[in-house]
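All remarks here apply to the structure that follows.
Only heavy atoms go into these numbers, but all of them, side chains included; no hydrogens, no water, no symmetry mates. Throughout, protein chains are lettered first and strands after them, A, B, ... in sequence-line order, and every chain is numbered starting at 1.
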There are 2 protein chains.
Amino acid sequence: MAVIKDVAKLAGVSVGTVSKYLNTPELLREDKREAVEDAIQKLNYRPNLFARNLRVQDSKTIAVIAQEIRNPFHAALFNTIRKEAMKYNYSVVLYSINDVNGNIDTLFESLPLHYFSGLVLCYFHDMEQSIAFAKRHDKVPMVIMSNSDRYFNEYDSAKIIHADFTLGIEKVCEYLISRGNKNIAYIGCKTKDTAHEPKLKGFLMTMEKYGLKPHSITRLEKEYTMETGYESAGQILKCGTLPDAILSDTDIMAVGALNCLRDHNIKVPDDLMLASCDNIEFARYCCPRLTTVNVPIEAMSIKAVELLVAQMEDKPHLSTGTSFELELIIRESTK
Amino acid sequence: MAVIKDVAKLAGVSVGTVSKYLNTPELLREDKREAVEDAIQKLNYRPNLFARNLRVQDSKTIAVIAQEIRNPFHAALFNTIRKEAMKYNYSVVLYSINDVNGNIDTLFESLPLHYFSGLVLCYFHDMEQSIAFAKRHDKVPMVIMSNSDRYFNEYDSAKIIHADFTLGIEKVCEYLISRGNKNIAYIGCKTKDTAHEPKLKGFLMTMEKYGLKPHSITRLEKEYTMETGYESAGQILKCGTLPDAILSDTDIMAVGALNCLRDHNIKVPDDLMLASCDNIEFARYCCPRLTTVNVPIEAMSIKAVELLVAQMEDKPHLSTGTSFELELIIRESTK
DNA sequence: TTGTACGCGTTATCAC
DNA sequence: GTGATAACGCGTACAA
């Protein structure tokens with residue numbers, strides 16, 4: 001493996017010159033530049049990243065903290081972040097909150113936090129903890145994805161991306177009501193900060209606005225999976241009286257609920273309407289196709305990486321976070 | 001940030017002793033050990049990984065090369081590998097073949113190959129290329145996931161994990177035939193090495209064994225997505241005569257196909273049976289539930305990491321790869 | 001514009 | 001069992 005010294009010798013220059021070529025080639029005289037270029041080619045030289053990292057104390061690596069990569073919503077989020085980061089020449093490692101029972105701090109046991117050039121926090125499930133973590137490490141370049149304007153307005157605007165899930169759920173809930181449903185059941189998972197759970201809040205506010213009482217609110221203390229959705233729907237059926245509609249806070253749960261209803265011979269949308277939130281791909285492919293709320297994952301991820309890069313390259317205020325709007329998508333499950 | 005020198009000073013020992021404490025504490029006398037421990041505690045010292053990496057020329061990082069993380073099958077694979085690797089104190093970075101139009105070599109442009117402690121190749125789509133890449137870099141610790149005994153038998157047994165997809169497809173195809181289907185259509189995606197595509201091979205061999213002719217073979221040059229499945233089924237319907245059954249080489253495509261059939265008012269399984277391979281979670285939650293072939297992703301990933309760690313820690317022959325059997329799962333789509 | 005020399009924080013190799 | 005010291009390969013003052 002050729003090192004910078006070999007290149008210098010072959011090119012007939014000093015190591016300093018080669019280093020300059022690598023970092024600020026425009027500051028080199030043309031003949032030297034060509035000589036170095038040739039030598040690098042001939043030796044197939046690649047700078048040693050270990051040495052470089054030590055010297056500049058920077059790994060060019062971003063940690064993405066996500067809930068669970070097998071969840072299609074989070075997979076899409078992670079994937080776009082990863083792709084975007086690579087455009088800026090950062091690599092990405094994934095941490096999953098599910099690995100550590102929801103405690104962010106235990107995540108960095110093997111790899112210390114300062115190893116990373118930056119962090120993206122996509123842990124909607126416990127925003128309170130995410131924000132606390134961010135505040136505790138405010139020197140570390142970091143972007144937080146938020147689902148609540150509570151944090152969007154309160155926290156550093158150069159570090160936060162926001163999607164208004166409350167508004168999103170309001171839209172879909174209003175739509176359900178406009179379709180004649182009065183007796184609506186809500187399903188979701190229990191989050192740490194129930195009092196400010198933005199989706200639940202959107203549901204409750206909308207129901208109240210129309211003077212309606214929820215049929216039921218089911219929020220199991222489980223992971224967001226189809227199985228949990230199945231189980232949640234099962235709970236609703238046990239109530240005795242069927243709701244007019246079920247509003248699920250995620251597509252993945254809605255798909256599970258759909259299965260449960262089918263097993264009980266309840267037809268969607270004829271016997272009961274179903275709508276949810278996220279617009280994962282499967283929402284278009286299940287049967288019936290789901291009415292849901294689109295989340296602009298791609299745009300959000302791109303913006304997140306932009307913010308993070310700005311921080312990492314020390315121009316934090318070139319860019320500030322944005323709030324993204326969610327859009328209602330009407331499909332068969334409410335037809 | 002405290003460094004090793006600070007610890008040494010506070011503990012009243014030399015840096016060498018502290019280093020020894022970090023790496024082989026059992027070789028230290030008890031009083032010194034305690035002194036160092038105390039100092040580390042007091043200073044909240046964390047070894048600098050950049051320096052450590054440089055010294056030992058090892059990043060403790062594994063690269064996983066996967067097709068596409070949004071595909072649930074690959075997400076599950078990646079996730080288990082990541083979790084396993086973390087148990088051994090390695091971190092994982094994901095590379096996606098879809099980012100680089102299927103060319104593995106362009107993957108390591110920013111990060112040189114020798115930066116990684118090891119590699120896991122999960123690129124079933126072009127085994128020929130995967131194996132060629134592995135052979136070209138036979139000094140790099142690497143594990144290849146293979147879908148064909150062609151490679152399993154031919155390549156270094158300490159470096160390869162194998163699932164017999166040919167046999168898996170044979171099982172499901174035989175089952176379709178046993179259910180009275182004679183006129184079977186096959187859908188999949190075009191792979192680079194069609195002549196040895198293990199799933200297609202399993203299908204063709206089984207059909208021949210029973211003296212049957214395929215209704216059609218549709219293999220679009222697209223990615224494995226539900227949309228591609230939808231389109232593939234559309235092609236079959238254009239043929240005019242409906243097959244008795246469709247065998248899809250992946251669940252994800254089958255789900256898409258299911259949607260297309262539904263849009264054309266063709267009932268599964270009444271008008272036409274459908275079966276596939278992978279046993280992703282959706283296969284249990286779509287409507288009808290899919291008959292498919294289970295792939296023991298978890299066991300395979302665990303074994304893969306075991307093999308890789310053995311290579312990385314220089315005991316390559318403590319462990320050899322295994323072939324995993326695939327199991328038929330019968331559900332509604334063939335009832 | 002280019003070269004020299006030093007430092008980044010760790011581990012490994014020696015003497016002792 | 002412990003301490004001093006030389007690498008590891010790169011970036012960057014500072015001198016020329």
Would the [X] and [Y] ring centres measure less than 6.0 Å apart?
X        : Y        : value
B:Tyr115 : A:Phe50  : yes
B:Phe78  : B:His74  : no
A:Tyr95  : A:Phe108 : yes

If you measure only the distance, is there a donor-acceptor pair under 3.5 Å linking the side chains of B:Glu128 and B:Tyr151?
yes

Answer with yes or no whether the side chains of B:Glu37 and B:Tyr21 bring together a donor and an acceptor at under 3.5 Å.
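Their side chains do contain a donor-acceptor pair, which is all the 3.5 Å distance test asks for.
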
Apply salt bridge (charged side-chain N to carboxylate O under 4.0 Å, His left out) to A:Asp31 and list each qualifying residue two or more places apart in sequence or on a separate chain.
A:Arg29

To the nearest angstrom, how far is B:Asn53 atom CG from C:dA12 atom P?
13 Å

Measure the distance from CG on B:Leu54 to P on C:dG7 and round it to the nearest whole Å.
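My rounded result for the distance is 16 Å.
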
Residue met sooner reading DNA chain D from 5', once A:Lys5 and B:Gly16 are mapped to nucleotides
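Looking at DNA chain D, the more 5' nearest nucleotide goes with B:Gly16.
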
Reading DNA chain D from 5' onward, which residue's closest nucleotide shows up sooner: A:Ser19 or B:Gln57?
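Nearer the 5' end of the strand: B:Gln57.
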
Quick one: do A:Asn98 and A:Glu223 satisfy side chain to side chain donor-acceptor pair (under 3.5 Å)? Show the steps, please.
CA-CA 9 Å; A:Asn98 277 0; A:Glu223 283 177 37; 3.1 Å; yes

Any ion pair linking A:Lys135 and A:Glu154 (charged N to carboxylate O, less than 4.0 Å)?
yes

Could you go through A:Asn48 and B:Gln57, starting from their C-alpha distance and side-chain angles, then the distance that decides it, and tell me whether this counts as side chain to side chain donor-acceptor pair (under 3.5 Å)?
CA-CA 9 Å; A:Asn48 183 312; B:Gln57 294 289 347; 3.3 Å; yes

Would the distance check show the side chain of B:Ser117 and the main-chain N or O of B:Asp58 forming a donor-acceptor pair, the cut-off being under 3.5 Å?
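No, B:Ser117 side chain to B:Asp58 backbone: no donor-acceptor pair under 3.5 Å.
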
Angle class for the A:His125/A:Tyr224 ring planes (parallel below 30°, perpendicular above 60°, tilted otherwise)?
perpendicular

With a 4.0 Å cut-off (strictly under) to non-hydrogen atoms of chain A, the first and last hit nts on DNA chain D, 5' to 3', are D:dG9 to D:dT12

Have a look at the helix from C:dT1-D:dA16 to C:dC16-D:dG1 and give the angle its two end axes make, five pairs each, rounded to 10 degrees.
40°

Got a sec? Which of residues 22-45 of chain A come in under 4.0 Å of DNA chain C, heavy atoms?
A:Leu28, A:Arg29, A:Lys32

Per atom distances to the A:Arg55 side chain, the nearest of C:dG7, C:dG3, C:dT10 is C:dG7

Where B:Lys159 and B:Val140 come nearest, the two heavy atoms and their spacing
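The answer is NZ-O, 3.9 Å.
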
Can you tell me which residue pairs pass the salt bridge (charged side-chain N to carboxylate O under 4.0 Å, His left out) test with a partner in residues 99-109 of chain A, sequence neighbours excluded?
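Of all non-adjacent pairs touching residues 99-109 of chain A, those that pass salt bridge (charged side-chain N to carboxylate O under 4.0 Å, His left out) are A:Asp99-B:Arg82, A:Asp105-A:Arg136.
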
Got a list of protein N/O to nucleotides 14-16 of chain C N/O distances below 3.5 Å?
none

